[in-house]
Amino acid sequence: MNHGTALHMKRRSRVKKMSTTLLQLLPHNLRLLRPARSALFAGSLTSPLSSLSLSTDRALSSLSATRRGLPKEKMSENGMMSRAKVLTIDTMNPTVKKVEYAVRGPIVQRAVELERELSEGMKKPFAEVIKANIGDAHAMGQQPITFFRQVLALCSYPELLSDSTFPDDAKSRACRILNSCGGNSMGSYSPSQGIGSVRQDVARYVERRDGGVPCDPDNIYLTTGASDGIVTMLKLLVCGEGTMRTGVMISIPQYPLYSAALAELGAVQINYYLNEEKCWSLDITELQRALDEARLYCNPRALCIINPGNPTGQVQSRECIEDVIRFAAKERLFLMADEVYQDNVYAEGCQFHSFKKVLFEMGPEYSETVELASFHSTSKCYMGECGFRGGYMEIINMDDDVKAQLNKLLSVRLCPPVPGQALMDLVVNPPQPGEPSYERFIKERTATLSTLAEKAKLTEQVLNTVQGISCNPVQGAMYSFPSITIPEKAIKEATDIGQEPDMFYCMKMLEETGICLVPGSGFGQKEGTYHFRMTILPPTDKLKVLLNKVQEFHLKFNQQYS
């Protein structure tokens, strides 16, 4: 063996000892496998050192990850190492875990399971599940407006324009909408703010509704239902940290969209309570109480109003709206007016007043200073077209720089669904007197609203005959929110299993009657009171069955737990 060969062997021996020492220093589960060690000594002096460096880096990287508390890899059944999930319940966005949405919560999930069990032939004490948990009109049997569906059919399949069974006004309306779409197709993107001609029609509708108060189409934003506009405005409003974090005032009871959106955005929810003893009216002294208390721990910046109310069905008087506007002006609050039920007003003496109309009739002191966003939708009223996700919002007195940021934010989502925009156009620009579709449209619209008014009255009357249930008049919208008494024995049993008492009550009702309602705790309520929300949307004959079952269940429940 010559001197060069001997030196090479000596170096190889030294490298081998060094690699063995390093591997012994590492935890057993992080040592590299034997094939890597074999490769270490298979090549030249330079090659094994590179392999050693790479292997050691990987091992140390794994060691660092372990020390940082990251999930460990596990051995799967087939003997292979399974990678830990990047996204787990512990590593996901914590604000999302705070989001709750009662109208599609656990009780509704159980209702779906019961429907499946019934379809599989399982025996239940009822023949069907009646869902009165959500304001989905067509799912409850409400029929769509013929003119709306005709125009949407023509827009979706323009070859039908040559079909003589479609009225001429439906065809002309479809052509106008298609001419506003890129490539004359609803399958094209629209501008992010919405189709220009539709926004113009919305502006003219708002002017007619508000007795001539001007409306600028540039202040109209078409949205994916009203919810999209509401969440977008909240995104703009939320900022700050600690005691300067944005607070948003919402009514209690409230529609869970608001609490869910505020939780997701990490904003502070400020509760103000509606007055159940006065038909769920809004009291300015209660607003002031909630605001003053909230200023100790956050920065209140917005006030949300739902009128007509959800879940409580109240309709605000003009005097109340004026008081709210004065309050918002005095306290420098951004007003958000959720007015999606504006056609759903039933009670005598009640009338819908838009916040914008009242604002402008109060004079420049308010109309030129109070910041307002109002929202409307195709999903409620006499339309009930929830699935098309059509809506709009109008902004008043928004800062120009903020408006530019709003436009930027909306451009990220490209555009709201174009069929929903087309439907919104038909809602604000329906058939006019003298046009072929006018009489049928008025007949269908009137019949739908009249039936809803009858069901609102029926619901109130029947529920108020039940001892232990008290239901305010359903003045508007499409829900009742009755107060219920729950015996102490039932409250204790609910508490023992970790349920809210009214959730316990509603779940029992579902299991025994097939009636799916939403507990009041999902909407918020004063401590010590219990409610449920139910829609008035089922067909009249089915609504009567529902109300009778509620009546029977409540009496049986109270006897069982008394």
Side-chain angles (χ1 to χ4, degrees), residues 102-103 132-135 250-256 271-287 305-321 323-324 338-353 380 449 451-486 501-502 505-506 509 515 517-538 543-544 546-548 550-551 553-554:
V103 295
N133 61 292
I134 194 167
I250 65 172
S251 61
I252 299 295
Q254 53 103 22
Y255 175 47
N271 297 337
Y272 66 89
Y273 290 89
L274 301 177
N275 190 335
E276 184 172 10
E277 288 70 34
K278 295 184 178 179
C279 205
W280 299 112
S281 62
L282 193 161
D283 190 337
I284 296 300
T285 59
E286 169 60 14
L287 283 181
I305 307 288
I306 308 175
N307 180 50
N310 175 13
T312 45
Q314 84 285 1
V315 178
Q316 289 184 354
S317 67
R318 180 191 171 89
E319 292 72 24
C320 178
I321 294 173
D323 288 342
V324 169
D338 181 340
E339 300 175 331
V340 301
Y341 298 99
Q342 57 190 256
D343 289 319
N344 296 109
V345 178
Y346 318 120
E348 290 185 15
C350 289
Q351 180 182 349
F352 170 75
H353 301 275
K380 309 303 177 183
L449 292 175
T451 300
L452 286 170
E454 292 169 3
K455 291 190 287 189
K457 192 66 176 175
L458 174 67
T459 300
E460 175 199 347
Q461 289 175 340
V462 172
L463 291 178
N464 279 328
T465 64
V466 185
Q467 185 176 2
I469 297 182
S470 176
C471 182
N472 271 315
V474 183
Q475 296 176 330
M478 47 185 62
Y479 315 98
S480 66
F481 197 72
S483 170
I484 54 175
T485 57
I486 297 181
D502 47 14
Y505 174 96
C506 288
M509 183 186 297
I515 303 298
L517 308 178
V518 189
S521 51
F523 302 88
Q525 55 197 352
K526 284 188 175 181
E527 188 173 352
T529 68
Y530 305 107
H531 302 79
F532 62 75
R533 188 192 81 161
M534 61 166 283
T535 73
I536 61 171
L537 290 173
L543 180 62
K544 289 178 179 177
L546 184 157
L547 291 169
N548 287 334
V550 170
Q551 184 178 31
F553 169 81
H554 185 82

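These values consider heavy atoms only, across backbone and side chains, with no hydrogens, waters or symmetry-generated copies.
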| said: Does F553 form a side-chain contact (heavy atoms from CB on, under 4.5 Å) with I515? I'd like the steps, not just the answer. | reply: CA-CA 10 Å; F553 169 81; I515 303 298; over 6 Å; no
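- Side-chain contact check for V345 versus P308: some heavy-atom pair is nearer than 4.5 Å.
- The ring pair (Phe, Tyr, Trp, His ring centres under 6.0 Å) analysis of residues 454-485, with sequence neighbours excluded, yields the pairs W280-F481, Y341-Y479, F481-F523, F481-H531.
- Here the closest non-hydrogen pair linking C279 and Q475 is SG-NE2, 3.6 Å.
- In terms of modelled atom types and a separation under 3.5 Å, the side chain of Q316 and the main chain of I321 share no donor-acceptor contact.
- For the pair I250/N271, a side-chain contact is recorded, criterion being any heavy-atom separation below 4.5 Å from C-beta on.
- For the atom pair CZ (F352) and CZ (R318), the distance works out to 12.0 Å, reported to the nearest 0.5 Å.
- Proximity of a side-chain donor or acceptor of N344 to a complementary backbone N or O of M478 within less than 3.5 Å is not detected.
- Here the straight-line distance linking atom OG of S251 with atom CG of L282 works out to 7.5 Å at 0.5 Å rounding.
- A distance-only check finds a donor-acceptor pair linking the side chain of N472 to the backbone of E276 [under 3.5 Å].
- Annotation: side chain of N310 is not in contact with side chain of V340 (no heavy-atom distance under 4.5 Å).
- Scored by the side chain to side chain contact (heavy atoms under 4.5 Å, CB included) test, A132 finds L517, M534, T535, L546 as partners (sequence neighbours excluded).
- How far OG1 of T312 is from CD of Q254: 11.0 Å, rounded to the nearest 0.5 Å.
- If you take CD on E286 and CG on L274, they are separated by 8.5 Å, rounding to the nearest 0.5 Å.
- Judged by distance alone, the side chain of N275 and the main-chain N or O of S281 form no donor-acceptor pair under 3.5 Å.
- Smallest separation of non-hydrogen atoms from G309 and A477: O-CB, 3.2 Å.
- Side chain of K455 to main chain of P538: a donor-acceptor pair is present (N/O by atom type, distance under 3.5 Å, no hydrogens or angles).
- Here the SG atom belonging to C506 is positioned 11.5 Å from the CZ atom belonging to R533, to the nearest 0.5 angstrom.
- Under the 4.5 Å side-chain criterion, counting only non-hydrogen atoms from C-beta, L452 is in contact with L537.
- Across S480 and L463, no two heavy atoms sit closer than the pair OG-CD1, 4.0 Å.
- Contacts of H353 classified as ring-ring contact (aromatic ring centres under 6.0 Å, His included), with partners at least two apart in sequence or in another chain: none.
- Of all the heavy atoms in Y505 and F532, the pair that sits closest is CE2-CD2, 4.0 Å.
- The minimum heavy-atom distance linking G524 with I252 is given by the pair C-CG2, 3.4 Å.
- The two atoms that bring D502 and S521 nearest to each other are OD1-OG, 2.8 Å, heavy atoms only.
- Residues forming a side chain to side chain contact (heavy atoms under 4.5 Å, CB included) with Q551 (at least two apart in sequence, or on another chain): T465, V466, N548.
- A donor-acceptor pair is defined here as one N or O able to donate and one able to accept, closer than 3.5 Å; such a pair exists between the side chain of T529 and the backbone of K526.
- With rounding to the nearest 0.5 Å, the separation of CG in D323 from OG in S317 is 7.5 Å.
- Proximity of a side-chain donor or acceptor of Q342 to a complementary backbone N or O of E339 within less than 3.5 Å is detected.
- Every residue two or more places apart in sequence or in another chain was checked for a ring-ring contact (aromatic ring centres under 6.0 Å, His included) with Y272, and none qualifies.
- Counting heavy atoms from C-beta on, the side chains of I536 and Y346 come closer than 4.5 Å.
- In this structure N307 satisfies the side-chain hydrogen bond (donor to acceptor under 3.5 Å, both in side chains) test with no other residue, sequence neighbours excluded.
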